[in-house]
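Convention: sequence-line order gives letters A, B, ...; per-chain numbering from 1.
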Amino acid sequence: MSDNLQEKESLNFIESIIDKEIKEGKTNVYTRFPPEPNGYLHIGHAKSICLNFGLAKRFNGKCNLRFDDTNPVKEEVEYVDSIKEDVKWLGFEWEGEERYASDYFDQLYDWAEKLIMEGKAYVDDQSSEEIASQKGTPTKPGQESPYRNRTVDENIDLFRRMKAGEFKDGEKILRAKIDMASPNMHMRDPIMYRIIHKEHHRTGNKWCIYPMYDFTHGQSDYIEGITHSVCTLEFENHRPLYDWYLNQIIDTEYRPRQIEFARLNLSYTVMSKRKLLELVKEKYVSGWDDPRMPTISGMRRRGYTPESIRNFAEKIGVAKRENVIDVSLLEFCVREDLNKRADRLMAVLDPVKLIIDNYEGVEEIVSVENNPEDSESGFRDIPFSKEIFIERDDFMEDAPRKFFRLSIGKEVRLKGAYIVKAESVVKDSDGNITEIHCTYDKESKSGSGTEASERKVKGTLHWVSARHAVAVKVRQYDRLFNNDDPAAFDDYKTYLNPDSLKVLDNCMAEPAINLLKPLDTVQFQRQGYFCMDKDSTKGEIIMNRTVTLKDGWAK
RNA sequence: UGACCCAUGGUGUAAUGGUAACACUACUGAUUUUGGUUCAGUCAUUCAAGGUUCGAAUCCUUGUGGGUCAACCA
């Protein structure tokens, strides 16, 4: 029966393709995640990672991590390291050691010579401008290069001299000889190798010619035994070239297959590496791991969990249709996860003092459950006293009838403690409330079992005992852009949300906050989920707001 | 005036010729010592026109709309 259920589970279109192939006798599934180490991974990459590793897992296959490092101008070791960390953090394990396209440079070079020998590639002496001008347009065919019909001997000689470093950057180039009239621009004698005199993060100064993406990717797949080369839609037009190159070198039955899917777009954010890099370089954010960034490292610092991101990737599905996922789905996923696992803590973000005038004694201890969603999580003790802080928003002198919080003459429950009634307020010369004076019902203590403790009151407030309060700094993060599709505009930066970060310096938390370590997540009761920032020190606790709680009141 | 791809509620994703469904969002209500959670419910969907078929979201044709492609980027 359970088998039946599993069979009924719907497959995405890639899984359907593989499922069909397996039924037709194909035996293995081998995928790869192929980032270029020229930036940090973002939530869009997470979709691809979950897809590729997920496919391997589902079909008992393998998945490689391969760095597509064919352009030393843009690539750096810093990015390699961060990418490895992020993939691991997301919970995936690649097959063996990570791979590098640069590991295949020798083989790629040999294949290039082979193509030259067969008259299928030639060296072009023209400038990039000249080549571009002969390329034609999508609706007009291109013209053939005057160097297109050089002899094999001449081409080989020139190519070897390119490799030997006899020419400057841009002086010569190796092109495949395909079809300048092809309706597919990528087939109009695409560039295979260009000269770049620049040290490579892996191969050092061994090479001064580097292969282009198209001449690298399919062959790398072939070398690694990849069966399904899953990439995003913009490579759809490259597929004929992917296949053409493979046709030149393959002499076995095995052949990798490119399949394209629609990349992830998220509302209220930008996803392109170029734009993210701009935000970092121009200091609109504090770095790649700024908690407002849609990068994996930013989300980690913000307090997102790997589980919530994987679950998100599962929920958004995989298809070929352009899509913009509502960021509220991401928020739903992290709340869903954190609700189950985050211990509750009380913290007052905008404190105002509340004094219980008839409170007897100095202080006492109350006991509160750590997480009502997790019976294993137990209870903790919290100090309570005559003077406490509550949220400024939780008090109104004259409240509308739907206001379930504190106002003069009205009662509320202090979470885990007593029911209090507001009697009067003290204000400063500007009219700001500085103290709220209350009386409490001595018999109403939570859990005491008395009749008074069972009384129902409209609202329950979080609070912190004034003399025990721990000062914390809170960073309230909000969406980075205030337009739901900023990427649609060239001047997307004008849509940056000026309130995407609010720093609150005078927050007060209960003493248990001292037990937290960096990256620990808690729920501040009635506020949201917060994650201790890595910049916290002994003297200063910094909490990043991951996401607010859903607010059913929302004035 | 090219090639390739795509079109299902507000947003996503299913339904694989046989009752259009699931999730998110929004909104109701119940429960609640978090205006959270949980539970119950409501609103809302096949781009258009032809054709094939007993039967079409699904297959065909033609439109329409959208995306991608003219880096010595990936």
[N] to [M] separation - [atom1] atoms, rounded to the nearest Å:
N	M	atom1	result
B/A57	B/A70	P	39 Å
B/U64	B/G50	C1'	14 Å
B/U61	B/C54	C1'	23 Å
B/C39	B/G9	C1'	24 Å
B/A15	B/C47	P	16 Å
B/U11	B/A48	P	15 Å
B/A44	B/A26	C1'	11 Å
B/G51	B/C43	P	34 Å

Practice task
Name all residues meeting the side chain to side chain donor-acceptor pair (under 3.5 Å) criterion together with A/E236; count only those two or more places apart in sequence or in a different chain, and write none if there are none.
Solution key: A/K320
Problem - Any residue meeting side chain to side chain donor-acceptor pair (under 3.5 Å) with A/K410, in chain and number order, not counting sequence neighbours - result: none
Distance, rounded to the nearest Å, where [X] contributes [atom1] and [N] contributes [atom2]:
X	N	atom1	atom2	value
A/N323	B/C24	CG	C1'	14 Å
A/L330	B/G12	CG	P	14 Å
A/R405	B/U33	CZ	P	17 Å
A/R413	B/U32	CZ	C1'	13 Å
A/K140	B/A3	NZ	P	17 Å
A/W463	B/U33	CH2	C1'	13 Å
A/N184	B/C69	CG	C1'	7 Å
A/K456	B/U31	NZ	P	10 Å

Exercise for the section: Kindly confirm or rule out a cation-pi arrangement of A/R479 over A/Y268, judged by NZ or CZ under 6.0 Å from the six-membered ring centre and within 45° of its axis? Expected result: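 Because its charged atom sits under 6.0 Å from the ring centre and within 45° of the axis, A/R479 does stack over A/Y268.
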Exercise for the section: May I ask you to check if A/R405 and A/W553 form a cation-pi contact, with NZ or CZ under 6.0 angstrom from the six-membered ring centre and within 45° of the axis? Expected result: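 Pair A/R405/A/W553 counts as cation-pi.
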Measure from the side-chain heavy atoms of [X] and tell me the nearest of [options].
X	options	value
A/A319	B/G2, B/A14, B/C69	B/A14
A/S10	B/C69, B/A14, B/G67	B/A14
A/N237	B/A14, B/C69, B/G2	B/C69
A/F332	B/G35, B/U25, B/U33	B/U25

Partner residues of [X] under the ring-ring contact (aromatic ring centres under 6.0 Å, His included) criterion, sequence neighbours left out:
X	result
A/F67	A/Y100
A/Y418	A/F384, A/Y440
A/Y193	A/F159, A/F215
A/F489	A/Y495

Under 4.0 angstrom, heavy atoms only, what part of the nucleic acid is [X] near: base, sugar-phosphate, or nothing?
X	result
A/G528	nothing
A/G416	base
A/V324	sugar-phosphate
A/K402	base
A/F403	base
A/Q525	base

Handout entry: Contact list for residues 267-276 of chain A, test salt bridge (Lys or Arg N to Asp or Glu O under 4.0 Å), sequence neighbours left out
Key = A/R274-A/E278
Under 3.5 Å, which N/O atoms of the protein pair with N/O atoms of nucleotides 36-39 of chain B?
unit_1: B/G36; atom_1: N2; unit_2: A/E373; atom_2: OE2; d: 2.7
unit_1: B/U37; atom_1: O2'; unit_2: A/N339; atom_2: ND2; d: 3.3
unit_1: B/U37; atom_1: O2'; unit_2: A/E373; atom_2: OE1; d: 3.1
unit_1: B/U37; atom_1: O2'; unit_2: A/E373; atom_2: OE2; d: 3.3

Give me the distances for all protein-to-nucleotides 72-74 of chain B N/O pairs that come in under 3.5 Å?
unit_1: B/C72; atom_1: N4; unit_2: A/Q126; atom_2: O; d: 3.1
unit_1: B/C72; atom_1: N4; unit_2: A/S128; atom_2: N; d: 3.2
unit_1: B/C72; atom_1: N4; unit_2: A/G170; atom_2: O; d: 3.1
unit_1: B/C73; atom_1: OP2; unit_2: A/R194; atom_2: NE; d: 3.2
unit_1: B/C73; atom_1: OP2; unit_2: A/R194; atom_2: NH2; d: 2.8
unit_1: B/C73; atom_1: O3'; unit_2: A/R194; atom_2: NH2; d: 3.1
unit_1: B/C73; atom_1: O2'; unit_2: A/N71; atom_2: ND2; d: 3.3
unit_1: B/A74; atom_1: OP1; unit_2: A/T70; atom_2: OG1; d: 2.5
unit_1: B/A74; atom_1: OP1; unit_2: A/R194; atom_2: NH1; d: 3.4
unit_1: B/A74; atom_1: OP1; unit_2: A/R194; atom_2: NH2; d: 2.9
unit_1: B/A74; atom_1: OP2; unit_2: A/Y213; atom_2: N; d: 3.0
unit_1: B/A74; atom_1: O4'; unit_2: A/E36; atom_2: OE1; d: 3.4
unit_1: B/A74; atom_1: O3'; unit_2: A/D68; atom_2: OD2; d: 3.4
unit_1: B/A74; atom_1: N6; unit_2: A/H238; atom_2: NE2; d: 3.2

Exercise for the section: Taking A/D125 for its side chain and A/E171 for its backbone only, find out whether a donor-acceptor pair lies under 3.5 Å. Expected result: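 No; judged by distance alone, with no hydrogens or angles, the pair does not exist.
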Exercise for the section: State whether the side chain of A/N371 and the backbone N or O of A/A342 hold a donor-acceptor pair below 3.5 Å, judged by distance alone. Expected result: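 The answer is yes, because a donor-acceptor pair under 3.5 Å joins these two groups.
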Exercise for the section: Kindly label the base of B/A20 as syn or anti, based on whether its glycosidic torsion lies within 90° of 0. Expected result: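 Nucleotide B/A20 adopts anti.
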Practice task
Look at the side-chain N and O atoms of A/R526 and state whether any lies under 4.0 Å from the OP1 or OP2 oxygen of B/G35.
Solution key: yes
Practice task
Only counting residues at least two apart or in another chain, list the ones meeting side-chain contact (heavy atoms from CB on, under 4.5 Å) with A/D326.
Solution key: A/S267, A/S328
Practice task
Could you list the residues that satisfy salt bridge (Lys or Arg N to Asp or Glu O under 4.0 Å) with A/R202, not counting sequence neighbours?
Solution key: A/D103
Practice task
Give each stem of RNA chain B as a range with a range, requiring at least 3 consecutive Watson-Crick or G-U wobble pairs whose two distances are under 3.5 Å.
Solution key: B:2-7 with B:64-69, B:10-13 with B:21-24, B:26-30 with B:38-42, B:47-51 with B:59-63
Practice task
Using heavy atoms to find the nearest nucleotide of RNA chain B for A/V318 and A/S448 separately, return the residue whose nucleotide is more 5′.
Solution key: A/V318
Practice task
Decide if atom CG of A/N247 counts as having more than 12 heavy atoms of other residues, nucleotides or ligands within a radius under 6.0 Å.
Solution key: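 Counting neighbours around CG of A/N247, more than 12 heavy atoms of other residues, nucleotides or ligands fall under 6.0 Å, so yes.
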